[in-house]
Amino acid sequence: MTTTQRVLLAVCGGIAAYKAAELTRLLRKQGAQVRIAMTASAQQFVSPLTFQALSGHPVATDLLDASQENAMGHINLAKWADTLVVAPATANSLAKFSHGLADDLVSTLYLAATCPLYLAPAMNQAMWHKAVTQDNIARLKQQGAIIIGPEQGDQACGDTGLGRMAEPAAICQQLFNTAPPVDGLLHGLTVLISAGPTREPLDPVRYLTNRSSGKMGYALAAAAVQAGAKVTLVSGPVALTAPAYSEVITVESAAQMCHAVLAKAAQADIYIGAAAVADYTPSTVFTNKFKKQGDETSLSLQKTQDILASVAALTPAPFTVGFAAETNDLENYALDKLARKKVDMIAANWVGQQYGGFDSEQNALQVYWHNGQQHLAMTDKTKLAAQLIALIATRWHEKNTT
Ligand code: PMT
């Protein structure tokens, strides 16, 4: 998408409608011309006046309003757009779009539009998981619509789960497909990143896992792309949208992650192990569901292969960056990992109830390398990732020019 494009933003009725105001601002900041259409229920959440002020144009609200039709009729509005974005796209609007219903302005615009169609769903997690919604999403994808999100998190109704609208910045990035710079800090380099948790199967229905959301690793992948790198992300099971311009390989278990990382490591200049890989996996995976027996039972676990140490032991090895997630003695454990796993850098973070780290929006890092360290203060994982990538780039260039 170029910066002169005409974006028609259709806002449907959900609490996430307020985020569409920020999206309008960001789209204009990118240089896009923005026109807004709202459903009747969207106007219950945010006033058309807000969008008029932000877009600089009257807001289309009615299908059969003679004055609006004279200004720019709905068919002309659909023809005007280079891109149609529906954000938030409610379950109801998705159902209408997927079945070709056109009983209000937004559904009519959707049906009339011949430009690329982007949908940012937002709804309660149970509504998102309902088979009928998933069928509608699958049909819309087949028809060529691009679905952005939804994301995992706390919902206005009090539930937690998948259904939050993607953040305006993420939608904007996907729309503009922000091209990686040709002169970034990591231009010409290949970066391999692991992210998220692993799942270690116990029987056909149970597994051992941890609280990693993948946010740190995904933010690093996006930051590496923005630094100009060619990025491969090996991801455990998470509920995040793949960063633009990266290759994503999805895995479940530590063994699968190890296999995928080692298959790519030889072509990588830099490896960043941000995944929370299980240290142990059940020694036996039961073929049938493990049955309740007595009041106590025990599990036999065996060590998984250390992916980080295996990558660092390759010849030649990429510049290898590990993480250390600690609840105590952060510095000692981090320095021990730096030496024992023979890596170039360790990014250590406090984890646990009082610190976050896992499954939180923010994080802080104490980064160690041989003869040096730097503190990266608590901030959003996206900002922190950009800082860590800049530090890695500096260390990589130092190592490879001396
Ligand atoms: O995903 P988020 O919710 O955003 O949370 C981010 C995070 C807390 C998961 C992340 O910042 C982090 O600390 N990731 C590493 C978690 C971890 O497993 O730390 P560790 O100290 O147990 O492991 C040390 C290093 O060895 C890590 O780089 C890990 O990827 C690697 N490892 C561990 C075991 C194994 N079998 N293979 C490995 O490569």
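As the structure lists them, so they are numbered: ligands from 1, and atoms in each ligand from 1. Note that the structure is a prediction, hence the values are computed from the model and not measured. Values below: every heavy atom of this structure, side chains too, minus hydrogens, waters and symmetry copies.
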Provide, to 0.1 Å, the distance between [atom] and the closest protein heavy atom, together with that atom's residue and name.
{"atom": "atom 39 (O) of ligand 1", "answer": "Leu308 N, 2.8 Å"}
{"atom": "atom 34 (C) of ligand 1", "answer": "Asp279 OD1, 3.2 Å"}
{"atom": "atom 23 (O) of ligand 1", "answer": "Phe323 O, 3.9 Å"}
{"atom": "atom 14 (N) of ligand 1", "answer": "Ala274 O, 2.9 Å"}
{"atom": "atom 28 (O) of ligand 1", "answer": "Gly273 O, 2.7 Å"}
{"atom": "atom 29 (C) of ligand 1", "answer": "Ala275 O, 3.5 Å"}
{"atom": "atom 11 (O) of ligand 1", "answer": "Asn349 OD1, 2.6 Å"}
{"atom": "atom 2 (P) of ligand 1", "answer": "Ser213 OG, 3.4 Å"}

Could you tell me, atom by atom, which parts of ligand 1 come under 4.0 Å of a heavy atom of [X]?
{"X": "Lys215", "result": "1 (O), 2 (P), 4 (O)"}
{"X": "Lys381", "result": "2 (P), 3 (O), 4 (O), 5 (O)"}
{"X": "Gly322", "result": "28 (O)"}
{"X": "Thr304", "result": "36 (N)"}
{"X": "Asp359", "result": "2 (P), 3 (O)"}

Practice task
May I ask you to say whether Glu151 pairs ionically with Arg164, meaning some side-chain N is under 4.0 Å from a carboxylate O?
Solution key: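 Looking at Glu151 and Arg164, the cut-off is not met.
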Practice task
Considering only NZ, NE, NH1 and NH2 on the basic side and carboxylate oxygens on the acidic side, decide whether Glu22 and Lys19 come within less than 4.0 Å.
Solution key: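 Judged by the 4.0 Å cut-off on N to carboxylate O distance, Glu22 and Lys19 do not form a salt bridge.
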More than 12 heavy atoms of other groups within 6.0 Å of [X] [atom1]:
{"X": "Lys230", "atom1": "NZ", "result": "no"}
{"X": "Arg206", "atom1": "CZ", "result": "yes"}
{"X": "Tyr333", "atom1": "OH", "result": "no"}
{"X": "Glu361", "atom1": "CD", "result": "no"}

Handout entry: Option nearest atom 20 (P) of ligand 1 (shortest heavy-atom distance, choices Lys337, Met216, Gln305)
Key =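 It is Lys337 that holds the nearest heavy atom.
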Practice task
For ligand 1, indicate whether the residue Ala278 contacts it via side chain, backbone, both or neither (heavy-atom separation under 4.0 Å).
Solution key: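 Only the backbone of Ala278 comes within reach of ligand 1.
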Can you tell me if [X] has a non-hydrogen atom under 4.0 Å from ligand 1?
{"X": "Gly214", "value": "yes"}
{"X": "Gly196", "value": "no"}
{"X": "Ala195", "value": "no"}
{"X": "Met257", "value": "no"}

About how many Å separate [atom2] of [Y] and [atom1] of [X], when rounded to the nearest 0.5 Å?
{"X": "Thr133", "Y": "Met127", "atom1": "OG1", "atom2": "CE", "answer": "6.5 Å"}
{"X": "Tyr110", "Y": "Leu117", "atom1": "OH", "atom2": "CG", "answer": "4.5 Å"}
{"X": "Phe51", "Y": "Leu9", "atom1": "CZ", "atom2": "CG", "answer": "6.5 Å"}
{"X": "Trp128", "Y": "Gln152", "atom1": "CH2", "atom2": "CD", "answer": "12.0 Å"}

Sub-3.5 Å N/O-N/O distance, [X] and ligand 1:
{"X": "Tyr271", "result": "no"}
{"X": "Ala325", "result": "yes"}
{"X": "Ala324", "result": "no"}
{"X": "Ala276", "result": "no"}

Exercise for the section: Indicate the atoms forming the closest heavy-atom contact of Met38 with Leu105, along with that distance. Expected result: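 Minimum heavy-atom separation between Met38 and Leu105: O-CD2, 4.5 Å.
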Handout entry: Matching residue for Asp344 among Lys399, Arg395, Lys337 - test: salt bridge (Lys or Arg N to Asp or Glu O under 4.0 Å)
Key =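 Answer to the salt bridge (Lys or Arg N to Asp or Glu O under 4.0 Å) test with Asp344 among Lys399, Arg395, Lys337: Lys399.
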Exercise for the section: Tell me yes or no: between the side chains of Ser235 and Tyr218, is some donor less than 3.5 Å from an acceptor? Expected result: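 Per modelled atom types, Ser235 and Tyr218 side chains form a pair under 3.5 Å.
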Practice task
Would you please say whether a donor-acceptor pair under 3.5 Å links the side chains of Tyr271 and Ser194?
Solution key: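 Yes, side-chain donor-acceptor contact under 3.5 Å.
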